Amino acid sequence: MARASLGYSPPPLSYFRHVSHLHNYTRLAATSAFHVSSAADPMAHPSLETLGGARDLFLPVLSSLTLPYNPFPVIGSNRHVETIFASFYRSTPDVRLRRECLRTRDDGAVSLDWVSGDDRLLPPDSPLLILLPGLTGGSDDSYVRHMLVRARSKGWRVVVFNSRGCGGSPVTTPQFYSASFLGDMCEVVAHVGNRYPKANLYAVGWSLGANILVRYLGQESHACRLSGAVSLCNPFNLVIADEDFRKGFNIIYDKALASALSKIFKKHALLFEDMGGDFNIPLAANAKSVREFDDGLTRVSFGFKSVDDYYSNSSSSNSIKDVCIPLLCIQAGNDPIAPNRGIPREDIKDNPNCMLIVTPKGGHLGWVAGPEAPFGAPWTDPVVMDFLQHLERGKSGALSSSNSESEQRRLEGLHQLEV
């Protein structure tokens with residue numbers, strides 16, 4: 001989400017720091033009290049909604065879910081305040097990144113940002129995590145940086161996938177990325193997988209990045225090269241998301257994102273100068289809403305007859321049933337941009353590979369809660385890392401077991417040969 005153009009004057013930082021000191025006592029008291037009653041109950045705390053076909057499989061390893069979800073006072077009391085606070089005031093870790101521009105088959109380009117020096121520091125079989133930011137987002141976004149730093153501290157290799165035009169990524173053809181287009185995702189996974197063939201691959205996506213990720217998992221199904229994935233703040237049903245996006249205070253976000261999209265478009269407007277057909281270049285360049293931008297440019301670029309046709313056919317809610325790898329979905333019940341009513345709960349329940357966590361608060365890309373609140377990492381980051389590390393331990397254990405069995409068979413074969 002663009003930080004400018006939100007039409008909101010945030011309170012001074014000193015106010016939030018004062019609230020932070022008060023909250024420390026509240027949080028410690030609540031945590032201590034809960035430890036007394038939680039020992040006999042390994043299930044998720046009642047403040048969290050947890051469901052899914054893989055719930056019983058993954059819930060025991062997500063130990064933090066036994067604690068109550070405590071939104072940060074004042075900030076967490078209103079979904080818009082929390083969303084805006086996280087966008088403006090969350091700290092952004094300082095990380096040196098090395099950019100790689102990947103040329104795609106259609107002559108387009110995406111940018112992959114790797115942590116500088118990791119080629120020398122990490123072994124080639126280190127687990128590899130691909131991060132997909134939200135609409136117009138990139139590797140500079142605070143929520144991306146926090147996840148990157150946490151994973152890197154655990155010995156993971158991390159790469160941020162900056163889509164066409166996002167995060168300073170170049171646009172070399174008259175086509176941006178979209179919720180419907182999975183070609184770039186396929187090429188990125190293949191590229192990083194071929195570069196590190198001994199590594200297990202994982203991915204985390206936020207907002208529109210999460211929608212693209214889940215659609216990719218569904219499309220690839222049993223052939224997916226990823227070993228696990230996490231979806232955060234996924235709008236899932238883009239038709240429902242679009243309906244809510246044009247109501248009340250949400251119009252502020254709509255205008256901010258439309259402005260960010262138009263700004264990217266204008267930088268590369270000459271590429272689109274001679275486009276014919278149904279393209280409406282002036283509408284895209286001066287869009288006052290994401291819907292206008294998608295109507296003037298996106299839906300035409302990707303062959304949809306209308307915006308509603310584009311949204312309907314690009315919703316990741318259609319893909320959950322086809323996901324065949326472990327998938328954790330985390331949503332905020334009060335998310336203004338990814339509506340709670342759009343979550344495909346029944347399909348998640350029916351899929352033995354999926355688990356859903358819904359927090360009562362969190363806003364969009366907010367989750368200002370947990371031990372690092374209000375300026376540090378989102379509440380979700382430790383949960384995501386616990387899930388990913390559990391999957392990686394399982395992969396490593398299976399590999400060790402397989403190697404042991406192979407060695408045993410080899411020794412048995414040698415013994416039989418000697419006899």
Side-chain angles (χ1 to χ4, degrees), residues 1-11 71 74-90 133-138 141-143 165-166 176-180 206-211 232-266 280-300 304 306-312 314-317 331-343 361-368:
M1 180 176 63
R3 295 189 176 185
S5 306
L6 285 177
Y8 174 76
S9 297
V74 181
I75 298 169
S77 63
N78 180 281
R79 61 182 184 168
H80 301 301
V81 170
E82 186 165 12
T83 298
I84 294 168
F85 176 89
S87 177
F88 280 92
Y89 289 138
R90 175 167 282 146
L135 180 64
T136 74
D141 287 348
S142 62
Y143 60 88
C166 299
F176 288 131
Y177 77 114
S178 76
S180 66
W206 292 265
S207 197
L208 191 68
N211 187 80
L232 299 138
C233 287
N234 190 339
F236 280 116
N237 188 317
L238 300 185
V239 175
I240 290 176
D242 175 59
E243 289 174 359
D244 284 15
F245 214 31
R246 291 177 281 134
K247 296 177 182 177
F249 192 88
N250 283 4
I251 294 173
I252 299 295
Y253 307 129
D254 194 9
K255 289 182 177 179
L257 287 169
S259 175
L261 286 168
S262 295
K263 185 177 180 180
I264 294 172
F265 172 75
K266 287 175 181 177
N280 189 333
I281 302 305
L283 181 63
N286 302 287
K288 298 296 185 288
S289 69
V290 173
R291 186 181 179 88
E292 284 188 359
F293 185 87
D294 288 338
D295 190 24
L297 189 73
T298 312
R299 63 99 183 167
V300 185
F304 295 99
S306 68
V307 178
D308 290 328
D309 182 39
Y310 163 53
Y311 291 159
S312 177
S314 305
S315 297
S316 60
S317 55
Q331 302 286 122
N334 68 344
D335 193 320
I337 294 174
N340 189 31
R341 64 192 178 98
I343 302 172
K361 306 282 187 178
H364 189 70
L365 302 175
W367 284 302
V368 183

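Given the structure is predicted, the values throughout are model-derived calculations rather than measurements.
- Considering all non-hydrogen atoms of both residues, A285 and K266 come closest at O-CE, 2.8 Å.
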For this session: List the steps, then state whether side-chain contact (heavy atoms from CB on, under 4.5 Å) holds for L257 with F245.
Result: CA-CA 11 Å; L257 287 169; F245 214 31; 3.5 Å; yes
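- Residues meeting the ring pair (Phe, Tyr, Trp, His ring centres under 6.0 Å) test with Y311, sequence neighbours left out: none.
- Considering all non-hydrogen atoms of both residues, F293 and A287 come closest at N-CB, 3.6 Å.
- Remark: R79 pairs with no residue by the salt bridge (Lys or Arg N to Asp or Glu O under 4.0 Å) rule, at least two apart or across chains.
- A heavy-atom distance below 4.5 Å is found between the side chains of I84 and F249.
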Exercise. Should L261 and L135 be marked as a side-chain contact (heavy atoms from CB on, under 4.5 Å) after you check the CA-CA gap, both sets of side-chain angles, and the distance that decides it?
Worked result: CA-CA 9 Å; L261 286 168; L135 180 64; 4.0 Å; yes
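- Taking each heavy atom of G363 and C233 in turn, the nearest pair found is O-SG, 4.4 Å.
- In this structure, the side chain of S77 engages the main chain of V74 through a donor-acceptor pair within 3.5 Å.
- In this structure, S315 contributes its side chain and L238 its backbone to a donor-acceptor pair below 3.5 Å.
- When all heavy atoms of K255 and K288 are compared, the pair lying nearest together is CG-O, 3.5 Å.
- The nearest pair of heavy atoms linking R90 to L365 is NH1-O, 3.3 Å.
- Judged by distance alone, with hydrogens and angles left aside, the side-chain atoms of Q331 form a donor-acceptor pair with the main-chain N or O of N234 at under 3.5 Å.
- Between the side chain of N340 and the main chain of D335, no donor-acceptor pair closer than 3.5 Å is present.
- Classified by interplanar angle (parallel below 30°, tilted 30° to 60°, perpendicular above 60°), the ring pair F265/F176 is perpendicular.
- One N or O on the side chain of N211 and one on the backbone of S316 form a donor-acceptor pair closer than 3.5 Å.
- The structure places CD1 of I252 at 13.0 Å from OG1 of T83, a figure rounded to the nearest 0.5 Å.
- Atom-to-atom distance recorded for N237:CG and S314:OG is 11.5 Å, nearest 0.5 angstrom.
- Annotation: the span from S317 atom OG to I343 atom CD1 amounts to 11.0 Å, rounded to 0.5 Å.
- When all heavy atoms of T136 and Y177 are compared, the pair lying nearest together is N-OH, 3.1 Å.
- By the 4.0 Å N-to-carboxylate-O rule, D295 lies too far from R291 to be salt-bridged with it.
- Side-chain contact annotation: S180 with S178, donor-acceptor N/O pair under 3.5 Å present.
- Side chain of Y310 to backbone of A179: a donor-acceptor contact under 3.5 angstrom is found.
- How far CG of D294 is from CZ of R299: 10.0 Å, rounded to the nearest 0.5 Å.
- In terms of the salt bridge (Lys or Arg N to Asp or Glu O under 4.0 Å) criterion, residue partners of D244 (sequence neighbours excluded) are, by chain and number, K247, R341.
- Using a 4.5 Å cut-off on side-chain heavy atoms (C-beta onward), W206 and D141 make no contact.
- Taking SG of C166 as the reference point, atom CG of L208 lies at 9.0 Å (rounded to 0.5 Å).
- Judged by distance alone, the side chain of N250 and the main-chain N or O of P336 form a donor-acceptor pair under 3.5 Å.
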